[in-house]
**Q** 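So that we are looking at the same thing, I have put the structure below in structure tokens.
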Amino acid sequence: MSGYKEVLGYKDKSIATNVFWNMKRIHGDDRATIISAFKKVLAEKKQKWNAEYRYQC
């Protein structure tokens, strides 16, 4: 979680460990595509996932 604090400026209190909390901060134009791709990875029980998207800080 240190990357969130150091790079994006989030405070400890605003960081949750739930991955979908993080998904809410993906840029609106990218969010639906990324969430869909991530859900597919979970459904297929893949070990790795890679995607490029914009993040709101």
Side-chain angles (χ1 to χ4, degrees):
M1 289 297 177
S2 64
Y4 285 99
K5 292 184 269 186
E6 294 168 4
V7 176
L8 301 174
Y10 287 111
K11 305 288 184 223
D12 285 335
K13 294 178 187 175
S14 65
I15 297 173
T17 56
N18 182 323
V19 70
F20 289 103
W21 172 90
N22 299 330
M23 296 288 185
K24 292 177 186 176
R25 276 128 181 102
I26 294 173
H27 190 281
D29 293 346
D30 302 334
R31 190 176 305 121
T33 302
I34 294 301
I35 289 174
S36 176
F38 188 72
K39 285 181 178 180
K40 183 178 177 184
V41 168
L42 292 176
E44 295 175 0
K45 299 180 181 177
K46 293 189 176 183
Q47 297 282 324
K48 296 181 181 183
W49 176 62
N50 185 16
E52 192 169 313
Y53 54 88
R54 295 168 287 177
Y55 203 77
Q56 299 174 30
C57 61

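Note that the coordinates shown come from a computational prediction; the quantities given were computed from them, not determined experimentally.
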**Q** Run the side-chain contact (heavy atoms from CB on, under 4.5 Å) test against A51 and tell me which residues pass, sequence neighbours left out.
**A**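 Result, side-chain contact (heavy atoms from CB on, under 4.5 Å) vs A51: I34, W49, Y53.
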**Q** Among residues at least two apart in sequence or on other chains, which ones pass side-chain contact (heavy atoms from CB on, under 4.5 Å) with D29?
**A**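 Applying side-chain contact (heavy atoms from CB on, under 4.5 Å) to D29 gives H27, R54.
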**Q** Closest approach of K24 and R31, non-hydrogen atoms and distance?
**A**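 Scanning both residues completely, I find the closest heavy atoms to be O-NH2, 3.3 Å.
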**Q** Using residues 40-48 as the side-chain source, report each donor-acceptor pair under 3.5 Å to any protein atom, sequence neighbours left out, with the distance given to one decimal.
**A**
residue	atom	partner	partner atom	Å
E44	OE1	K46	NZ	3.3

